[in-house]
Amino acid sequence: MSLVLVGTSHRLSPVDVRERIAFDLEESAQLAARLADGGEAVCLSTCNRTELYFSHPDPDAVEALGADALLGNEVELYRMRDEDAALHLFRVSAGLDSLVPGEGEILGQVRSAYEAGARGPVLDRLFREALRVGKKVRTETAIAHSPASVSSAAAALAQQVFGELQGCKVFLVGAGEVSELAARALTARGATISAVTSRTEESAARLAEAFDARVVSFDELGQELEQADVVVSSTSSPDPILSRGQIADRKGRPLFVIDLAVPRDVDPSVAELEDCYLYDIDDLQAVVRESLSGRRREAERAEAIVEQEARRFRDWQASLHVVPAIASLRERAESIRSGELAKAEGRLEGLSESERRTVESLTTQIVNKLLHVPIVRMKEAAATEGAGYVEVARHLFGLGEDESASNRKPGK
Amino acid sequence: MAELLFWPAFLAYGEAAVAYAGDARRPGSMGRVATWGVRVGWLVQTALLIAQAARADGFPWDTWAGSLNLFVWLVVGAYLIWGCKPRFRLLGLVVMPLAALLLAVSYAAGGMDVSGTSRYSSLFLGLHVGLVLAGFAGLTLAAALAGLYLWQERELKRRSSTVLRFRAPSLVTLESLFARTVAFSLPVLTLGMAVGFARLRHGSQLDPLIVLTVLTWVVYGVFLLLRYGADWRGRRAAYATLAGFALVVAMQLTLQAGHFG
């Protein structure tokens with residue numbers, strides 16, 4: 001059984017190509033079932049990639065089938081086998097092949113593809129390992145610790161001020177898409193949207209309803225600012241709408257102000273107030289850039305983990321080649337043992353039941369002890385020597401030959 | 001025996017200090033190595049103190065160098081309460097180099113030796129020195145937390161793009177922790193001072209250390225009144241904690257001039 005990967009991703013194909021071979025989960029499941037052809041198949045289709053994984057005795061045939069399914073004549077595809085294919089999936093699962101290194105969504109997509117696939121022992125092991133490696137990379141490195149978007153950076157900074165955001169009151173000034181994204185990032189970390197204000201009442205009402213918040217008028221700005229812990233401002237006003245004078249003495253209570261508007265909504269002098277922390281869009285983008293470069297640095301450590309795990313998978317896969325030979329060897333030994341005991345039946349007639357059991361056990365132990373070292377050596381050598389070692393074992397022990405021929409006494 | 005235990009304790013604290021510096025540059029496994037250095041160093045220093053106590057005739061840390069040895073042990077012990085959490089590793093960057101340095105100073109000044117007999121009883125010294133030093137250790141840790149607060153606050157104020165890299169505790173957490181640490185340490189210091197005053201002979205002169213201790217007590221007392229009575233928070237509270245700590249340092253230096261006689 002060989003492992004085969006055929007696919008394309010954002011690195012090879014632009015979106016207008018990728019969208020032609022994108023499949024939803026149901027279509028992925030159907031495609032995998034159709035292509036498995038007596039072997040195993042899994043289709044991983046996300047917005048950045050479509051990949052087909054196979055485990056099949058005829059790798060060339062399934063590779064051609066896969067390429068055909070992914071419009072190989074028109075779409076540039078990568079094709080990989082065995083260890084390379086495993087390494088690729090482990091990198092994908094760890095988020096190392098993603099646009100944003102370490103992004104977490106891919107892990108869920110790999111799991112869904114695995115569950116929808118036509119899988120057997122090889123792909124089952126491969127995908128379970130890929131999910132484990134993905135989690136391991138995120139635990140043992142800081143690749144997924146820092147924010148990758150402006151809204152998540154704003155939420156992470158708010159946490160840097162307040163710690164847990166449970167109980168933190170957020171006041172939204174402006175009710176556009178940008179405000180909504182920031183509000184989602186903040187509420188995902190436990191904050192509460194307490195009030196929304198906007199010059200357009202309908203959009204304020206829509207956003208307030210989505211977050212179970214109050215709609216307040218622009219005139220109540222000062223009053224709301226006094227109660228808020230976090231202010232997110234994103235209006236299209238040409239002039240600043242929030243000035244230093246509107247913010248009352250906080251008495252040591254921090255106020256985190258996120259100004260996502262261009263031109264800016266908040267007078268920069270607000271940052272000079274004690275206990276006030278003001279971040280505009282440029283500040284947040286600088287935090288994201290730094291965070292992404294940090295993720296790239298961590299990716300180097302993640303690559304080392306992924307490579308080590310791919311080598312472990314290769315060893316396991318190689319050990320599969322020796323399994324039939326080991327089974328034949330055990331079978332042959334057992335048949336010789338039981339045959340010789342049967343021949344000696346006449347001489348063993350006088351033995352009691354317990355003495356018979358002792359003879360059975362003794363002969364079984366001799367066989368097991370004799371086979372133990374060759375079997376261990378075969379498994380060990382499988383990863384390095386490959387199929388050649390198995391052939392030697394087959395030849396030496398006469399596995400697969402006519403039993404009477406291999407049992408013939410020398411010289412006869 | 002005690003002298004022999006100094007080196008592993010010193011090396012473990014030094015290793016923790018270096019590992020914390022490495023972790024600050026690139027957060028990851030170095031942080032765990034540092035935490036183990038703190039744990040091992042503290043256990044070895046505990047053994048060192050036990051060996052000293054077993055060998056001594058009375059209270060073994062009644063010299064300036066000896067009290068410094070005990071002080072380091074108390075500071076690191078108090079740090080261990082939070083230090084194992086990844087978010088507080090930056091605090092180790094302040095505490096552990098200081099611990100290694102003070103332990104070395106204590107060793108050089110003979111803090112690992114066993115002192116001669118004092119005119120005070122072991123029980124009195126144990127209570128007075130132990131409680132005062134435990135109070136100072138807590139106040140030292142509060143100062144380290146206040147320092148970390150000011151650093152973090154400045155980074156957020158100047159909108160540094162690397163502010164998220166170090167994964168320090170939040171401002172609110174740090175502020176509440178250094179206030180609580182002072183609130184816990186001051187009663188301990190008060191008890192230690194009370195034991196000392198109870199033994200002060202009628203007509204004895206107040207030495208500079210006693211004056212400084214009372215002054216420190218007043219500074220931290222006022223801080224706690226303002227913090228919990230008038231909701232005094234933020235940068236001002238951090239500066240007040242550091243001002244109190246400056247007096248603690250002055251006291252350590254004054255102690256060298258001889259207090260126990």
Side-chain angles (χ1 to χ4, degrees), chain A residues 139-143 145-148 152-165 167-168 229 249-259 268 270-295 297-298 300-302 305, chain B residues 22-33 82 85-90 145-146 148-179 223 226-241:
Chain A
T139 318
E140 292 187 7
T141 71
I143 195 166
H145 287 173
S146 46
S152 57
L157 286 164
Q159 278 188 310
Q160 208 60 37
V161 175
F162 298 100
E164 294 302 316
L165 295 185
C168 267
D229 299 303
D249 181 15
R250 303 286 299 179
K251 291 182 183 142
R253 242 182 76 226
L255 177 68
F256 187 59
V257 184
I258 305 162
D259 185 358
V270 164
E272 292 162 18
L273 289 171
E274 203 178 332
D275 306 314
C276 247
Y277 304 94
L278 169 64
Y279 277 74
D280 63 30
I281 189 79
D282 278 3
D283 301 326
L284 292 171
Q285 274 167 352
V287 170
V288 172
R289 271 197 301 277
E290 164 63 27
S291 157
L292 288 178
S293 76
R295 281 181 180 233
R297 280 195 299 273
E298 285 302 294
E300 289 168 28
R301 290 173 57 203
I305 294 173
Chain B
D23 190 62
R25 276 193 67 218
R26 194 169 175 176
S29 53
M30 290 297 272
R32 278 197 293 275
V33 174
W82 300 291
K85 295 181 183 168
R87 281 256 169 196
F88 286 93
R89 282 179 185 161
L90 272 184
L145 287 162
L148 189 55
Y149 173 92
L150 286 173
W151 173 81
Q152 165 95 323
E153 207 265 349
R154 198 196 60 170
E155 289 292 288
L156 281 163
K157 263 287 186 209
R158 54 191 275 255
R159 293 170 262 182
S160 159
S161 61
T162 57
V163 68
L164 296 176
R165 188 194 289 178
F166 300 105
R167 302 187 71 221
S170 72
L171 287 184
V172 169
T173 309
L174 283 170
E175 202 269 344
S176 124
L177 255 181
F178 73 67
F223 163 77
L226 289 170
R227 172 65 175 76
Y228 292 102
D231 218 13
W232 213 57
R233 291 162 190 267
R235 224 184 312 180
R236 279 173 299 178
Y239 282 131
T241 308

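Just so it is clear: chains get the letters A, B, ... in the order the sequence lines come, proteins before strands, and each one is counted from 1. Computed over heavy atoms, backbone and side chain alike; hydrogens, waters and symmetry mates excluded.
- The greatest number of non-hydrogen atom pairs below 4.5 Å with chain B, out of A:Arg297, A:Arg253, A:Glu272, is found for A:Arg297.
- Surrounding CD of A:Glu164 are at most 12 heavy atoms belonging to other residues, nucleotides or ligands under 6.0 Å away.
- Note: B:Arg159 CZ to A:Asp280 CG = 6.0 Å, rounded to the nearest 0.5 Å.
- Scanning all heavy atoms of the two residues, the minimum distance from B:Val172 to A:Pro254 falls at CG2-CG, 4.2 Å.
- Residues A:Ala286 and B:Ser161 share a closest heavy-atom pair of O-CB, 3.6 Å.
- Summarising the geometry, atom CD belonging to A:Glu274 is positioned 7.5 Å from atom CD belonging to B:Glu153; distances are rounded to the nearest 0.5 Å.
- Looking at B:Ala168, the atoms closer than 4.5 Å to chain A (heavy atoms on both sides) sit in the backbone and in the side chain alike.
- The residue among A:Val288, A:Leu278, A:Val287 with the most heavy atom pairs within less than 4.5 Å of chain B is A:Val287.
- Nearest approach of B:Ser170 to A:Val161, heavy atoms of both residues: CB-O, 3.7 Å.
- For a residue to count as touching a neighbouring chain, one of its non-hydrogen atoms must lie under 4.5 Å from one of that chain's; by this rule A:Arg289 does not touch chain B.
- Between the CG atom of B:Leu171 and the CZ atom of A:Phe162 there is a distance of 9.0 Å, given to the nearest 0.5 Å.
- Proximity to chain B (any heavy atom under 4.5 Å) is restricted, for A:Gln159, to the backbone atoms N, CA, C and O.
- Considering CD of B:Glu155 and CD of A:Gln160, their distance stands at 10.0 Å, rounded to 0.5 Å.
- Put simply, the side chain of A:Tyr279 gets close to the backbone of B:Leu156: a donor and an acceptor are under 3.5 Å apart.
- Ranked by heavy-atom pairs under 4.5 Å with chain A, the list B:Asp231, B:Leu164, B:Leu174 is led by B:Leu164.
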query: Yes or no on side-chain contact (heavy atoms from CB on, under 4.5 Å) for A:Cys276 and B:Lys157, after CA distance, side-chain angles and deciding distance?
result: CA-CA 8 Å; A:Cys276 247; B:Lys157 263 287 186 209; 4.3 Å; yes
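- Residue A:Gln285: no heavy atom, backbone or side chain, is found under 4.5 Å from chain B.
- Most heavy-atom pairs under 4.5 Å with chain B, from the set A:Asp283, A:Asp275, A:Leu157, A:Thr141: that is A:Asp283.
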